[in-house]
Amino acid sequence: MSATLIKGSEISKQIKEELKLEITELKKKYNVIPGLATILVGEDEASKVYVGAKEKACKELGIYSERINLPGDTKEGDLLALIERLNKDDRIHGILVQLPLPRHINKTNVLYAIDPKKDVDGFHPVNIGKLMLGEPDFLPCTPHGIQELLIRSGIETDGAEVVVVGRSNIVGKPIANMLLQKKKGANATVTICHTGTKDLASHTKRADILIVAAGRPKAITADMVKDGVVVIDVGVNRLETGLVGDVDFDGVKEKAKAITPVPGGVGPMTIVMLMKNTVQSAKMHAGIV
Ligand code: NAP
């Protein structure tokens, strides 16, 4: 068997087209223009690329975007004051602080300072709590992108054995929580694995859907999966040979029914879900939803 590719690069384009229509209608009917503020502290090169890509997506879709670059020695108090200003700014519906922050700034203080109603990354404890309760305002972008990939690729999660490798707050824990909700596009039986898991392969081999967010190239090899598995590879590892995921793609694709490539799988979905959350926030602020 050679797997079908789940192309996030294509699916994200469809979602962008849907968002363009929604944004045009918001402007026309309600005079509402969604707005996103991105804050970058310091000169981290990868962060600059990520923020640039988010700004570009805003322009493409007609979302108002405010990019704020702060020097690496910015005081935590000044960053918190900026967030407070953006919390009160009516043009801004989403506030995104690009991580990682410089060491002298307490990430928790910063993320907690963002108004949960403008927390389009979905990292504020209020939004994490709402996700757990199954009543989310904003779903975190990467897990939301993964769920959309599954739904739009026609992959049945209801009753499926889902195994998630990785328990980070931004990928593993939220996607596991989302897929166990008693809802459409979820209702799975979910197992979460991590470095404390004994005999990882005994779990991954049971998976109908295997989601891998370990940050380790070749963490999953062909002998660790069953025939017909659906594999979502979240990993982004920059090797000398290029960008690779966490899954040994060449081996696993021969056993899988469907698999995401890296690049072009989960990555493009993350940005588009950020745009979707910003539009959702603009609608919430305008009392439309
Ligand atoms: P992270 O915070 O480093 O967490 C990695 C998780 O994987 C941890 O829970 C760790 O377990 C577990 N793990 C690591 N090696 C393992 C192994 N051999 N067996 C079992 N579990 C293992 O990473 P993250 O932020 O979730 O990101 C994961 C990957 O996804 C990275 O490559 C990252 O670049 C990528 N990513 C991509 C996107 C995207 O948009 N495409 C977005 C976010 C992240 P412990 O908890 O026990 O340490």
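All values derive from a computational prediction rather than experimental measurement. Each ligand, and each atom within it, is numbered from 1 in the order the structure gives.
Atom 23 (O) of ligand 1 has Ser168 CB, 4.3 Å as its closest protein atom, hydrogens excluded (heavy atom only). Protein heavy atom closest to atom 43 (C) of ligand 1, with residue, atom name and distance, is Val171 CG2, 3.8 Å. Ranking the protein heavy atoms by distance from atom 18 (N) of ligand 1 puts Arg216 CG, 4.6 Å first. Counting protein heavy atoms only, atom 35 (C) of ligand 1 is closest to Val234 O, 3.4 Å. The closest protein non-hydrogen atom to atom 19 (N) of ligand 1 is Leu200 CD2, 3.8 Å.
Those atoms of ligand 1 that come under 4.0 Å of a heavy atom in Gly166, given as number and element, are 6 (C), 7 (O), 9 (O), 12 (C). The contact set between ligand 1 and Val165, taken as ligand atoms under 4.0 Å from a residue heavy atom, comprises 20 (C), 21 (N). Taking every non-hydrogen atom of Thr142 and a distance limit under 4.0 Å, the qualifying atoms of ligand 1 come out as 40 (O), 42 (C).
Between Glu45 and Lys48 there is a salt bridge, since at least one side-chain N of the basic residue sits less than 4.0 Å from a carboxylate O of the acidic one. A salt bridge does not link Glu22 to Lys276: none of the charged nitrogens lies less than 4.0 Å from a carboxylate oxygen. Taking the charged nitrogens against the carboxylate oxygens, Arg152 and Glu18 do have a contact shorter than 4.0 Å, which makes a salt bridge. Salt bridge Asp158/Lys184: absent, no basic N to carboxylate O contact under 4.0 Å.
Compare Ile271, Val236, Val244 by their heavy atoms: the one nearest to atom 32 (O) of ligand 1 is in Val236. Nearest-heavy-atom check against atom 5 (C) of ligand 1 across Ala214, Gly172, Pro263 picks out Ala214. For atom 21 (N) of ligand 1, the nearest non-hydrogen atom from the set His194, Lys173, Met269, His203 comes from His194.
Note that the OG1 atom of Thr204 and the CZ atom of Arg206 stand 9.0 Å from one another [nearest 0.5 Å].
Between Asp246 and ligand 1, no pair of N/O atoms sits closer than 3.5 Å.
Not a single protein heavy atom sits closer than 4.0 Å to atom 3 (O) of ligand 1.
For Lys56, the NZ atom is loosely surrounded, since the number of other residues' heavy atoms within 6.0 Å does not exceed 12.
Between Val234 and Val262, the closest side-chain pair of non-hydrogen atoms is not below 4.5 Å.
Hydrophobic clustering keeps Val231 apart from Leu150 (ILVMFWY residues linked when any side-chain heavy atoms are closer than 4.5 Å, directly or through intermediates).
Of the heavy atoms in Thr195, both backbone and side-chain atoms come closer than 4.0 Å to ligand 1. Under 4.0 angstrom from ligand 1, the non-hydrogen atoms of Arg167 come from both its backbone and its side chain.
For the pair His285 (side chain) and Ser281 (backbone), a donor-acceptor distance under 3.5 Å is present.
Between the side chains of Asn109 and Glu76, at least one donor N or O sits under 3.5 Å from an acceptor N or O.
Heavy atoms of Ile170 come nearer than 4.0 angstrom to ligand 1 in at least one pair.
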